[in-house]
Amino acid sequence: MSYFNNINKIKYEGPTSTNPFSFKFYNPEEKIGDKTIEEYLRFGVAYWHTFAENLSDPFGAGTAIRPWDKFTGMDLAKARVEAAFEFFEKLNIPFFCFHDADIAPEGDNLKETYKNLDVIVSMIKDYMEDSKTKLLWNTANNFTNPRFVHGAASSNNADVFAYSAAKVKKGLEIGKELGAENYVFWGGREGYETLLNTNLALELDNLGRFFHMAVDYAKEIGFDAQFLIEPKPKEPTSHQYDFDVASGYAFLQHYGLQDHFKFNIEANHATLAGHSFEHELRYARIHGMLGSVDANQGHPLLGWDTDEFPTDIYATTLAMYEIIKNGGLGKGGLNFDAKVRRASFEAEDLFHAHIAGMDSFAVGLKIAQKLIDDNVMDSVIDERYKSYKEGIGKDIVEGNTNFHKLEEYALGLTEIKNESGKLERIKATINQYLLRAYAGE
Ligand code: XUL
Ligand code: CO
């Protein structure tokens, strides 16, 4: 059975194509440096937004019209697997990602839930044998069911801690079974609403304990996926524990977990934290902690997690700049944790959205590589910090000075001369690179 029978395989047709069902910039085989574009970008489809999302919002019911709508229960779960692999093939996508709850319905108890998962996981495994699409990561949904009302590993209720551990244990086994390259921990409801009823120290310690048990169990079963923490500052709780990369890194270091985790950085989570996407990527990169990316964008006028498909080429360029400088994403990839808008309710919109996202990152990759080849930002930065290459600056960075010597030096200064940061000049240069890319240069 075909779920998208009026849509053919999406091919690269180049920047001047007028066929909406074609890639304009994403040419998977094209080489950028020593990698193909496909190898660099490692795109993933998010199962939840693409196959399990009905597009409801707090003010209205779901609007999505999907070819699998007529099914329910396990039949629905099976239909989604069939539709997913048809979608992956037509889009030529190398990876996908899922939560346990996206692929199979919960049963009446945990044993039943495991049984449902086993059926669907074995079906996915069969489909993967005939497909190029691999599992970028899986994760546990420990936030939707009302049992997680007070959190999962940070719940006040130890039974919920145990239940969450069992779900992650099963998730690690599933990840191993399907050859997942990563395993993701997004905080979900790990956070709090008010300190008035919260034991902050115990909740943080318990989270640390939980992560250590996950690391131990993965080792025990020989699952060598990269573990990823996905920071988000708020939503659903008002204070999420994995606020941003900087606080997440401090948490990992405090609990001795820094060697076992990297970060999965989501663009819209970065902006919710009051950062730019590239800030979070840079912060992770310079600490050797950039693992993977949830590729999406927020709405500039809205203050919540809108999870839009990425179409802002300025943002994708600066993101790819960080990713190239990181030497790529290793086991990670660019997972479209993005949903079509509520008014884009037809199944074909799922293709338009992914094509737009893939093209936006492909063009961002090409521009970023040019900016790097031409040394555009590095030359500005080298020049701006030249005072640390000789004299007193060299002494400072090489550890050859102290407050006595610095005071002596400062007392001898007759004039301090700063130079312009030339921000507008740099921005104009970057515009030139963006516009040259539009012109196909
Ligand atoms: C929620 C979010 C999640 C994680 C996986 O904001 O980003 O979908 O990516 O649990
Ligand atoms: Co995400």
Side-chain angles (χ1 to χ4, degrees), residues 42-58 95-103 135-145 148 151-154 164 167-168 170-172 174-175 180-191 207 210-211 214 225-245 248 261-273 275 277 280-281 284 290-299 302-310 319 329 332-340 353-354 357 361:
R42 294 168 62 84
F43 286 128
V45 168
Y47 209 92
W48 53 104
H49 286 313
T50 305
F51 307 110
E53 167 78 56
N54 70 6
L55 302 180
S56 61
D57 73 13
F95 292 100
F96 71 117
C97 302
F98 63 79
H99 303 80
D100 47 6
D102 309 328
I103 59 164
L135 185 57
L136 185 63
W137 52 261
N138 62 313
T139 185
N141 177 331
N142 285 351
F143 45 89
T144 299
N145 189 290
F148 303 111
S154 67
S164 308
K167 282 190 83 209
V168 171
K170 182 73 176 168
L172 297 172
I174 290 171
E181 309 228 355
N182 306 270
Y183 188 87
V184 161
F185 295 86
W186 166 58
R189 289 183 195 275
E190 313 291 28
L207 257 188
F210 192 90
F211 287 137
Q226 172 67 59
F227 275 16
L228 300 167
I229 298 257
E230 183 179 321
K232 184 176 184 181
K234 52 193 164 198
E235 213 194 14
T237 74
S238 40
H239 302 262
Q240 295 281 117
Y241 288 134
D242 308 317
F243 189 95
D244 61 0
V245 173
F261 285 81
K262 286 188 175 172
F263 289 100
N264 181 39
I265 295 171
E266 179 162 329
N268 205 166
H269 295 181
T271 50
L272 272 182
H275 299 305
F277 185 19
E280 289 291 83
L281 293 168
L290 175 50
S292 199
V293 168
D294 268 7
N296 63 13
Q297 68 187 27
H299 193 288
L302 302 176
W304 61 90
D305 196 17
T306 56
D307 283 345
E308 298 186 13
F309 272 84
L329 288 169
L334 294 167
N335 163 49
F336 290 112
D337 191 353
K339 59 183 171 196
V340 290
H354 283 85
F361 266 95

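Hydrogens, waters and symmetry mates play no part in the numbers below; they use all other heavy atoms, side chains included. Both counts, for ligands and for their atoms, begin at 1 and track the order of listing. Index from 1, following the sequence. Since this is a predicted model, take the numbers as computed values, not measurements.
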F185 vs F210 aromatic rings, parallel, tilted or perpendicular, using cut-offs 30° and 60°?
perpendicular
Taking the six-membered ring for Trp, are F277 and F361 parallel (under 30°), tilted (30 to 60°) or perpendicular (over 60°)?
perpendicular
Just to be sure I understand the cut-off, which residues have at least one non-hydrogen atom under 4.0 angstrom from an atom of ligand 1?
W48, H99, W137, W186, E230, K232, E266, H269, D294, D305, D337
For D100, is there an ion pair with K170 - N to carboxylate O distance below 4.0 angstrom?
no
All heavy atoms of Q240 vs all of K232, minimum pair found to be CB-O, 2.9 Å
Mind checking whether H99 and F143 have ring centres under 6.0 Å apart?
yes
Answer yes if the ring centres of H49 and F336 are under 6.0 angstrom apart, and no otherwise.
no
Kindly write out the residues that satisfy ring-ring contact (aromatic ring centres under 6.0 Å, His included) with Y47, not counting sequence neighbours, or none if the list is empty.
F51
Protein-side N, O or S atoms sitting under 2.8 Å from the Co ion (ligand 2) are E230 OE2, E266 OE1, D294 OD2, D337 OD2
Output, in order, the C-alpha distance, side-chain angles, deciding distance and verdict of side-chain hydrogen bond (donor to acceptor under 3.5 Å, both in side chains) for D242 and W186.
CA-CA 8 Å; D242 308 317; W186 166 58; over 6 Å; no
Taken in chain and number order and not counting sequence neighbours, the residues that satisfy side-chain hydrogen bond (donor to acceptor under 3.5 Å, both in side chains) with S154 are E190
